[in-house]
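Following: one structure in structure tokens, then a few remarks.
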Amino acid sequence: MENIFSHVYVYHFNPTPDGSCGDRIDMLKKEGKFVIAPVNMQLLEETLNLTKEQEKELTKVYEDVAQTFKAGSLMTGSVVSKEGSGVLVSVGYKSDGFIPQYEFSDFELEKLSEGSEIEVLLDRLEDADGNVVLSYQKAKSLKAWGEISKIAEKDEAVTGRVTHKVKGGLSVDVGIPAFLPGSQIDLHRVNDFDQFIGQDVTCKVLKINRRRGNIIVSRRKYMEELRIEDKKKALETIQEGQIVPGIVKNITNYGAFVDVGGIDGLLHITDMSWGRIGHPSEMVKIGDEISVKILTFDKDHEKISLGLKQLNKNPWDEVGKRYPVNSKVKGTISSIADYGLFVEVERGIEGLVHISEISWTERVHNLAKRYTVGQELEVLVAALDKDNRRMSLSIKRLADDPWKVAFDKFKPGDMVTGTVSNVADFGIFVKIHEGVDGLVHVSDISWTEHVAHPSDKFKRGDEVKVLILSVDKENRRISLGVKQLDRDPWETIEEDFPVGKEVSGTVSKVTSFGAFVKFPNGIEGLAHVSELSNNEVEDVESLLKVGMEAKFKVVKSSKHDRKLGLSLRAINEPEETAAAEKRTVPPKRQSVPRPNTEKKRHPESFKKKRFEGPSTNREYNDRTPTMKGALQQALEKMKDIEKETASEENKSSTNKKND
């Protein structure tokens with residue numbers, strides 16, 4: 001009977017009056033679905049003549065089938081085949097049902113194979129083609145809604161897989177699509193949602209709206225509840241000095257936060273490594289499982305300080321034995337700063353080569369142009385501070401100190417030949433030994449010439465002979481001189497240029513107060529405007545021009561003051577000059593009667609008091625620095641004239657008293 005029911009199809013037609021089956025049969029004939037064969041009506045009648053028991057059994061079978069294959073019921077089917085467009089599933093009905101591919105996720109399709117059992121919904125017994133209609137998505141949704149409702153009522157957790165990213169969060173498949181907001185993904189802010197796609201997550205149900213088909217879940221709430229439980233256990237078990245496992249939750253510039261059993265502890269950057277690191281991300285990454293040591297634990301405030309480097313022995317404890325001072329070691333440049341190089345001599349031990357310890361001779365300004373990170377170097381251990389974990393290294397001390405060699409080689413008074421290495425406003429630097437430069441100050445270039453700038457006389461690379469004036473070992477300085485190689489012409493000025501001697505010289509400079517005359521030995525004298533002519537001179541250049549050679553008479557020669565006074569009028573107008581020197585001109589001023597006890601104010605003493613400060617009694621000549629050049633000689637000449645005038649006044653006063 002089962003065979004008959006499964007394979008016999010009964011087509012019912014309304015026959016035409018002539019007994020034919022009409023157009024319907026003709027159509028089926030054309031489609032090849034209807035074949036007319038001789039029918040044994042007697043056999044058919046015998047077959048269909050059933051007993052009451054047979055009819056009852058047939059009715060029961062029909063009712064059972066109708067009850068089992070009922071539209072809208074959930075059934076368990078078996079995968080017959082998996083094709084590119086979908087999956088063919090058998091549920092024991094007269095035909096297999098085809099489920100389109102879009103009803104499955106990629107992860108679900110990967111798991112399915114021939115013979116796999118899946119739960120489906122019998123949507124319709126047959127479609128237009130007579131095939132049963134099945135739905136995997138509706139079966140999953142129907143089943144999931146019931147389970148999710150029960151889970152939400154009991155406030156239990158639900159596990160699902162993140163399928164894709166949506167606006168504002170993630171889509172999680174918990175049997176039906178649920179929304180996981182971005183703020184509910186983790187305990188901390190998450191910027192990269194893509195890292196969760198394809199992962200299974202456990203969440204708590206926040207909200208269900210079956211009418212709209214919405215479910216909102218929270219992974220954060222689930223994690224917070226776990227943390228509370230873990231935190232209670234951790235507070236009872238954690239002790240200082242313990243080594244515990246943890247998970248890196250967050251990284252900042254100053255360290256990393258590590259979850260150790262429900263409590264976040266701080267792993268400071270200084271406790272990550274015995275060596276020097278620039279950023280915590282060099283040591284750990286978010287999600288890393290690491291072992292840490294409990295350094296401090298404040299149970300009241302629930303604060304924990306963690307250590308990573310404390311798991312290993314401090315390499316600085318025995319650094320003095322392995323790297324004694326003045327020993328040579330090899331290391332690798334770990335970083336480059338403006339002020340020096342950091343060199344790692346072993347894991348956890350780093351030393352600094354200061355920029356001043358790079359070279360004895362060269363002035364290094366940009367270390368990055370000479371060295372690179374990762375470069376191997378040989379260095380000398382210059383100093384060690386084990387307590388503060390500092391090591392001073394040196395590159396230049398691998399070679400002999402050139403200054404020490406120079407101090408042993410050169411003494412004051414030695415004459416050496418060197419090369420101008422640099423020219424500055426205040427002098428020139430001369431290289432007298434490899435790595436050793438001495439300074440020739442601008443005042444030590446010439447005895448007689450006024451050097452405005454050293455570059456007027458020297459340029460870099462010039463070879464020059466110098467005399468060593470002084471050696472300062474403490475400050476590593478050597479003073480040099482050029483003019484000291486020759487005799488100072490001012491030492492014999494009074495013998496070479498006695499007062500009254502006629503000399504010839506060349507005018508080197510013309511000013512409003514006179515002219516400067518230069519002689520072959522380099523000395524310059526001043527012919528004051530009052531010594532150019534007995535008549536008033538309005539324009540000095542009317543008498544003397546630069547480059548002009550002329551004869552002069554020496555009127556003043558002072559080795560102490562380093563001054564040479566000249567007179568042109570004594571050469572050109574000798575008689576008038578002699579007569580003018582004999583004449584005395586009384587001062588045209590009215591004297592005020594004063595008591596005899598009061599001293600007469602001398603012009604020179606008045607001049608000195610004028611320049612005395614309110615808090616000192618030193619003379620003007622002591623307060624004023626010695627001046628060189630044309631201006632000094634002009635002022636001194638004016639002082640000489642004032643002295644002569646004062647002398648004449650004294651003589652005149654004496655003559656009046658005698659009369």
Side-chain angles (χ1 to χ4, degrees), residues 71-79 82-89 91 97-113 116-124 132-226 287:
S73 61
L74 291 173
M75 305 186 70
T76 300
S78 177
V79 176
K82 185 169 68 170
E83 302 173 1
S85 58
V87 178
L88 188 63
V89 179
V91 292
F98 184 78
I99 304 176
Q101 182 182 358
Y102 62 79
E103 293 201 18
F104 300 90
S105 66
D106 294 337
F107 309 106
E108 291 169 337
L109 278 174
E110 290 177 4
K111 294 179 180 180
L112 294 179
S113 61
S116 298
E117 290 187 351
I118 60 172
E119 200 164 19
V120 294
L121 178 75
L122 184 59
D123 198 4
R124 284 180 292 164
V132 65
V133 179
L134 305 177
S135 174
Y136 173 75
Q137 189 68 46
K138 290 181 179 179
K140 190 171 68 169
S141 176
L142 184 63
K143 183 179 178 182
W145 275 111
E147 293 178 354
I148 292 293
S149 299
K150 292 178 182 178
I151 289 173
E153 289 176 4
K154 297 179 181 180
D155 195 24
E156 295 177 348
V158 60
T159 301
R161 174 161 291 192
V162 179
T163 56
H164 59 280
K165 185 169 64 173
V166 296
K167 184 178 180 182
L170 299 170
S171 178
V172 182
D173 184 3
V174 292
I176 50 177
F179 176 60
L180 175 58
S183 60
Q184 301 296 321
I185 294 176
D186 206 336
L187 297 173
H188 304 285
R189 180 184 176 87
V190 177
N191 295 320
D192 182 18
F193 293 171
D194 293 332
Q195 61 181 310
F196 293 94
I197 295 177
Q199 293 186 11
D200 290 330
V201 293
T202 304
C203 309
K204 280 296 188 78
V205 179
L206 294 183
K207 186 178 179 181
I208 292 179
N209 190 331
R210 189 161 186 173
R211 184 171 59 85
R212 294 187 176 182
N214 292 338
I215 300 177
I216 300 176
V217 294
S218 171
R219 181 171 176 262
R220 178 177 181 175
K221 183 179 179 183
Y222 173 73
M223 295 177 69
E224 286 176 346
E225 292 179 358
L226 284 182

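Atoms considered below: every heavy atom in the structure, side chains included; atoms not considered: hydrogens, waters and symmetry mates.
Checking side-chain atoms of Ser171 against main-chain N and O of Thr163 turns up no donor-acceptor pair under 3.5 Å. Looking only at distances, no side-chain donor or acceptor of Lys221 sits under 3.5 Å from a matching main-chain atom of Leu206.
Each of Thr202, Leu187, Asp186, Val172 was compared with Arg219 under the side-chain contact (heavy atoms from CB on, under 4.5 Å) criterion, and only Asp186 meets it. A side-chain contact (heavy atoms from CB on, under 4.5 Å) with Phe193 is found for exactly one of Val162, Leu180, Val166, Leu170, namely Leu170.
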### Task
Assess whether side-chain contact (heavy atoms from CB on, under 4.5 Å) is satisfied between Arg220 and Val190, documenting all intermediate values.
CA-CA 11 Å; Arg220 178 177 181 175; Val190 177; over 6 Å; no

### Task
Might you work through the side-chain contact (heavy atoms from CB on, under 4.5 Å) test for Val201 and Tyr222, ending with a clear yes or no?
CA-CA 10 Å; Val201 293; Tyr222 173 73; over 6 Å; no

### Task
Test Leu109 against Gln101 for side-chain contact (heavy atoms from CB on, under 4.5 Å), laying out the working first.
CA-CA 8 Å; Leu109 278 174; Gln101 182 182 358; 3.5 Å; yes

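Here the NZ atom belonging to Lys154 is positioned 12.0 Å from the OG atom belonging to Ser149, to the nearest 0.5 angstrom. Separation of atoms CD (Glu147) and NZ (Lys150) is listed at 7.5 Å; rounding is to 0.5 Å. For the atom pair Ile215 CD1 and Ile148 CD1, the distance stands at 5.0 Å (nearest 0.5 Å). Considering CD1 of Ile208 and CD1 of Ile151, their distance stands at 8.5 Å, rounded to 0.5 Å.
Side-chain contact between Asp155 and Lys204 is present, with heavy atoms from C-beta onward closer than 4.5 Å.
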